Student: 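Just passing along the structure, written as structure tokens.
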Amino acid sequence: GQPHEVAVDLLRGGAAEVSESIVQQTVRKVLARAALRPVTGMVVDFRTPAGEAALTSPDGVAWQIFRNPIALFVGGISAVILEFAEPRVRSGVWEHTTFRTDPLARMERTGLAAMVTVYGARSTAEKMIAGVSRLHARVQGTTPAGVPYRADDPELLDWVQATASFGFLTAYCAFVRPLSAAQRDRFYAEGEPAARLYGAVGAPKSEAELEALFQKMRPKLERSEIVFEFFDILNATSIFPRPLRAIQSMLIRAAVEITPTWAREILGLGARYGLASWEHAIVRGLGRASDRVLLASSPPAEACRRLGLSSKYLLQRV
């Protein structure tokens with residue numbers, strides 16, 4: 001059927017059906033499978049070492065947000081949109097990663113890095129981040145306008161960290177459930193230990209600091225056709241399992257919808273790139289349904305067991 005017909009049928013089936021048939025497949029495809037892929041030579045086991053804490057606390061906001069696949073997918077794309085508005089970041093990603101040739105593998109590796117950063121044992125996260133930082137140190141070049149860049153430039157690391165945090169948090173608040181101002185500030189603060197390990201020493205630790213960084217970076221942002229090429233690649237890639245492929249483009253447009261209006265204006269992303277009013281309810285339905293599911297094999301569930309908590313601990317906190 002048409003995308004909206006498929007989505008409406010799914011939601012009419014009830015939250016339980018959506019949770020079982022859609023969200024579990026999505027998590028297995030995008031999250032669980034990614035956890036088996038090597039990143040910088042590593043295979044991650046979120047169950048070990050037994051008892052070792054993560055960089056973030058299980059009673060924090062990050063552990064709730066990062067277990068939601070709809071928030072991760074939508075927020076991750078919104079983050080990339082903002083990253084691509086910065087010409088040095090855009091050139092580094094476009095010229096030195098596999099986004100153009102193998103976007104699914106690139107997204108899976110990025111997803112695993114996020115899972116390790118939030119749920120992995122501290123020693124595992126520190127080892128992975130050190131490996132990523134070594135890769136960043138080798139990435140350098142010049143933008144089409146002749147501006148030199150390095151992937152380990154603190155300003156660019158701050159921008160990538162800030163846009164990722166903004167994307168995931170905003171997607172969760174928009175399509176899963178709203179969070180208080182204190183919870184939103186706590187989420188940014190929880191990211192500081194990992195941000196410092198990545199070299200993003202000036203990454204925002206609150207919404208106020210995020211807004212200040214947005215104002216600082218805004219004059220440096222610009223429109224690029226690469227953003228539209230990025231959308232074409234995403235829409236042409238089979239990212240989700242078959243039942244969700246019909247609304248894949250809707251979730252991509254949800255990412256545009258949560259991107260700040262001023263950034264959309266800079267990039268030329270008009271209303272047609274966002275969501276129609278009826279689509280908001282569908283994406284919210286999927287986001288809320290996915291918040292009631294936690295696969296036993298998923299990184300957050302395995303991390304809970306590593307810490308001696310019930311695999312359903314995070315569900316009990318919703």
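Note that the coordinates shown come from a computational prediction; the quantities given were computed from them, not determined experimentally.
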Student: Kindly give the heavy-atom pair with the smallest separation between Pro300 and Leu294, and that separation in Å.
Tutor: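 Closest pair (atom of Pro300, atom of Leu294, distance): CG-CD1, 3.6 Å.
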Student: Find the distance between CG (Leu307) and OG (Ser57) and round it off to the nearest 0.5 Å.
Tutor: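 If we round to the nearest 0.5 Å, Leu307:CG and Ser57:OG are 8.5 Å apart.
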Student: Using a 4.5 Å cut-off on heavy atoms from C-beta on, say whether the side chain of Val93 contacts that of Val80.
Tutor: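 Of all side-chain heavy-atom pairs linking Val93 with Val80, none is under 4.5 Å.
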Student: If we ignore hydrogens and angles and just use 3.5 Å, is the side chain of Glu209 paired with the main-chain N or O of Lys205 as donor and acceptor?
Tutor: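 Yes, because the side chain of Glu209 sits within donor-acceptor range (under 3.5 Å) of the backbone of Lys205.
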Student: Can you check whether Phe231 and Phe84 have ring centres sitting under 6.0 Å from each other?
Tutor: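 Centroid separation for Phe231 and Phe84: 6.0 Å or greater.
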Student: So, are Arg150 and Glu155 salt-bridged, with charged N and O less than 4.0 Å apart?
Tutor: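 No, Arg150 and Glu155 are not salt-bridged.
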Student: Does the Thr259 side chain pair with the main chain of Ala255, one donor and one acceptor, at a distance under 3.5 Å?
Tutor: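 A pair under 3.5 Å: yes.
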Student: Could you state the interatomic distance from CG (Leu179) to CD (Gln183), rounded to the nearest 0.5 Å?
Tutor: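 Interatomic distance, Leu179 CG to Gln183 CD, rounded to 0.5 Å: 4.5 Å.
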Student: Checking Arg305 side chain against Ser310 main chain: does a donor-acceptor pair fall under 3.5 Å?
Tutor: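 Such a contact is absent between Arg305 side chain and Ser310 backbone.
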Student: Whether the side chain of Trp159 engages the backbone of Ala203 through a donor-acceptor N/O pair (distance < 3.5 Å, no angle test) should be reported.
Tutor: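 No, because the side chain of Trp159 does not come within donor-acceptor range (under 3.5 Å) of the backbone of Ala203.
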Student: Using modelled atom types and a 3.5 Å cut-off, is there a donor and acceptor pairing between side-chain atoms of Arg288 and backbone atoms of Val176?
Tutor: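 Indeed, once roles are kept as given, a pair shorter than 3.5 Å links the two residues.
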Student: Go through it in stages, so that I can follow the logic: the residues are Asp291 and Arg67, the test is salt bridge (charged side-chain N to carboxylate O under 4.0 Å, His left out), and I'd like the CA-CA distance, side-chain angles, deciding distance and then a yes or no.
Tutor: CA-CA 8 Å; Asp291 223 36; Arg67 71 177 183 82; 3.7 Å; yes
Student: I need the Leu286 CG to Asn68 CG distance, nearest 0.5 Å.
Tutor: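 Going from the CG atom of Leu286 to the CG atom of Asn68 covers 10.0 Å.
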Student: Out of the candidates Glu211, Glu207, Glu190, only one should pair with Arg184 under the salt bridge (charged side-chain N to carboxylate O under 4.0 Å, His left out) rule; please name it.
Tutor: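 Going through the options one by one, the only one that passes is Glu207.
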Student: Is the NZ atom of Lys220 crowded by more than 12 outside heavy atoms at less than 6.0 Å?
Tutor: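 More than 12 within 6.0 Å, yes.
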Student: For the side chain of Arg223 and the backbone of Gly268, is there at least one donor-acceptor N/O pair under 3.5 Å apart?
Tutor: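 Not at all, since once roles are kept as given, no pair shorter than 3.5 Å links the two residues.
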Student: Enter the distance from Arg138:CZ to Asp152:CG here, rounded to the nearest 0.5 Å.
Tutor: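 The CG atom of Asp152 is 11.5 Å from CZ of Arg138, to the nearest 0.5 Å.
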Student: Using the rule that Ile, Leu, Val, Met, Phe, Trp and Tyr join whenever any side-chain heavy atoms are under 4.5 Å apart, tell me whether Phe66 and Tyr198 fall into a single cluster.
Tutor: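 Per the 4.5 Å side-chain linkage, Phe66 and Tyr198 are co-clustered.
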Student: Show, in sequence, the C-alpha distance, side-chain angles and deciding distance for Thr142 and Val147, and conclude whether the side chain to side chain contact (heavy atoms under 4.5 Å, CB included) test is met.
Tutor: CA-CA 5 Å; Thr142 305; Val147 178; 5.7 Å; no
Student: Contact between Arg177 and Gln64 at the side-chain level, heavy atoms closer than 4.5 Å - yes or no?
Tutor: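 Yes. Closest side-chain heavy atoms under 4.5 Å.
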Student: Quick check on the hydrophobic clustering: are Leu157 and Met217 connected, directly or via other members, by side-chain heavy-atom contacts under 4.5 Å?
Tutor: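 No, Leu157 and Met217 fall in different hydrophobic clusters.
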Student: Using a 4.5 Å cut-off on heavy atoms from C-beta on, say whether the side chain of Thr170 contacts that of Ser78.
Tutor: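 No - every pair of side-chain heavy atoms lies 4.5 Å or more apart.
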Student: How far apart are the closest heavy atoms of Ala296 and Ala301, and which atoms are they?
Tutor: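 Closest approach of Ala296 to Ala301: O-CB, 3.7 Å.
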Student: Test of understanding: clusters of I, L, V, M, F, W, Y form through side-chain heavy atoms closer than 4.5 Å, transitively. Do Val89 and Ile233 belong to the same one?
Tutor: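 Yes, one cluster joins them.
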Student: I'd like to know if the side chain of Ser91 pairs up with that of Thr143 as donor and acceptor (distance under 3.5 Å, no hydrogens or angles considered).
Tutor: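 Their side chains do not contain a donor-acceptor pair, so the 3.5 Å distance test is not met.
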Student: Would you mind reporting whether Pro260 and Leu82 have side-chain heavy atoms less than 4.5 Å apart?
Tutor: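 In short, these two side chains touch, coming nearer than 4.5 Å.
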Student: To the nearest 0.5 Å, how far apart are CG in Leu267 and CG in Leu221?
Tutor: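 One finds 7.5 Å between CG of Leu267 and CG of Leu221.
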Student: Let's go through Cys304 and Leu314 carefully: what are the C-alpha distance in whole Å and the side-chain angles of both, what is the deciding distance for side chain to side chain contact (heavy atoms under 4.5 Å, CB included) to 0.1 Å, and is it a yes or a no?
Tutor: CA-CA 8 Å; Cys304 283; Leu314 296 175; 3.9 Å; yes
Student: Side chains of Val61 and Tyr172, heavy atoms from C-beta outward: is any pair under 4.5 Å?
Tutor: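 Val61 vs Tyr172: side chains apart.
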Student: Under the 3.5 angstrom rule, does the side chain of Ser298 hit a backbone N or O of Leu295 as a donor-acceptor pair?
Tutor: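 Such a contact is found between Ser298 side chain and Leu295 backbone.
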Student: Do Phe230 and Ile252 have side chains that get closer than 4.5 Å, going by heavy atoms?
Tutor: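 Counting from C-beta outward, Phe230 and Ile252 never come under 4.5 Å.
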Student: Taking the side chain as every heavy atom from C-beta outward, state whether Ile129 and Val116 have any atom pair closer than 4.5 Å.
Tutor: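 Side-chain contact under 4.5 Å: no.
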Student: Give a yes or no on whether the ring-centroid distance for Phe214 and Phe166 is below 6.0 angstrom.
Tutor: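 Close enough - the centres of the two rings lie under 6.0 Å apart.
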Student: Is the closest side-chain donor-acceptor distance between Ser224 and Arg90 under 3.5 Å?
Tutor: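 Arg90 and Ser224 do have a side-chain donor-acceptor pair below 3.5 Å.
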Student: Who pairs with Arg122 by salt bridge (charged side-chain N to carboxylate O under 4.0 Å, His left out), at least two apart in sequence or on another chain?
Tutor: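 Arg122 satisfies salt bridge (charged side-chain N to carboxylate O under 4.0 Å, His left out) with no other residue.
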Student: Please report the shortest heavy-atom distance between Ser206 and Tyr188, naming the atom on each side.
Tutor: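 Nearest pair, atom of Ser206 first, then Tyr188: N-CB, 3.6 Å.
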Student: Give the intermediate values and the outcome of side chain to side chain contact (heavy atoms under 4.5 Å, CB included) for residues Gln161 and Arg196.
Tutor: CA-CA 10 Å; Gln161 175 72 19; Arg196 286 190 171 276; over 6 Å; no
Student: Would you check, one step at a time, whether the test salt bridge (charged side-chain N to carboxylate O under 4.0 Å, His left out) holds for Glu95 with Arg100?
Tutor: CA-CA 9 Å; Glu95 298 300 330; Arg100 286 180 289 180; 3.7 Å; yes
Student: Can you name the nearest heavy-atom pair linking Pro193 to Ala189, along with the distance?
Tutor: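 Nearest pair, atom of Pro193 first, then Ala189: CD-O, 4.1 Å.
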Student: Restricting to non-hydrogen atoms, name the atom on Ala162 and the atom on Leu213 that form the minimum distance, rounded to 0.1 Å.
Tutor: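 That would be CB-CD2, 3.4 Å.
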Student: Can you hop from Ile258 to Tyr273 via hydrophobic side chains spaced under 4.5 Å?
Tutor: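 Same hydrophobic cluster.
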Student: Start with the C-alpha gap between Phe73 and Ile77, add the side-chain angles, then the distance that decides, and say whether side chain to side chain contact (heavy atoms under 4.5 Å, CB included) holds.
Tutor: CA-CA 6 Å; Phe73 183 78; Ile77 293 175; 3.6 Å; yes
Student: Find out if a path of hydrophobic residues (ILVMFWY) with successive side-chain heavy-atom gaps under 4.5 Å connects Leu315 to Ile70.
Tutor: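 Same cluster: Leu315 reaches Ile70 through Ile, Leu, Val, Met, Phe, Trp or Tyr contacts under 4.5 Å.
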Student: Mind listing the closest non-hydrogen atom pair of Pro87 and Glu222 along with its distance?
Tutor: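 Scanning both residues completely, I find the closest heavy atoms to be CB-OE2, 3.5 Å.
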Student: Mind running salt bridge (charged side-chain N to carboxylate O under 4.0 Å, His left out) on Glu52 and Arg47 for me, showing each step along the way?
Tutor: CA-CA 9 Å; Glu52 185 174 325; Arg47 299 167 297 180; over 6 Å; no
Student: Show, in sequence, the C-alpha distance, side-chain angles and deciding distance for Arg186 and Asp59, and conclude whether the salt bridge (charged side-chain N to carboxylate O under 4.0 Å, His left out) test is met.
Tutor: CA-CA 11 Å; Arg186 180 178 178 181; Asp59 64 0; 3.4 Å; yes
Student: Check whether any side-chain N or O of Gln248 sits under 3.5 Å from a backbone N or O of Ile239 as a donor-acceptor pair, and report yes or no.
Tutor: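 Side chain of Gln248 to backbone of Ile239: a pair is present.
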Student: Ion pair present between Arg253 and Glu257, side-chain N to carboxylate O less than 4.0 angstrom?
Tutor: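 Looking at Arg253 and Glu257, the cut-off is not met.
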Student: Tell me whether Arg284 contacts the main-chain N or O of Ala174 through its side chain, where contact means a donor paired with an acceptor under 3.5 Å.
Tutor: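 Checking the backbone N and O of Ala174 against the side chain of Arg284, no donor-acceptor pair under 3.5 Å is found.
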Student: Please verify the inter-ring angle class for Tyr119 with Trp63; under 30° counts as parallel, over 60° as perpendicular, anything in between as tilted.
Tutor: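 Correct class here is perpendicular.
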Student: Could you tell me the separation between the CZ atom of Arg306 and the OG1 atom of Thr48, rounded to the nearest 0.5 Å?
Tutor: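 Between Arg306 CZ and Thr48 OG1, I get 8.0 Å after rounding to 0.5 Å.
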Student: So do Leu197 and Glu192 actually touch side chain to side chain, heavy atoms under 4.5 Å?
Tutor: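 Counting from C-beta outward, Glu192 and Leu197 never come under 4.5 Å.
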Student: For the side chain of Ser290 and the backbone of Gly287, is there at least one donor-acceptor N/O pair under 3.5 Å apart?
Tutor: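 Such a contact is found between Ser290 side chain and Gly287 backbone.
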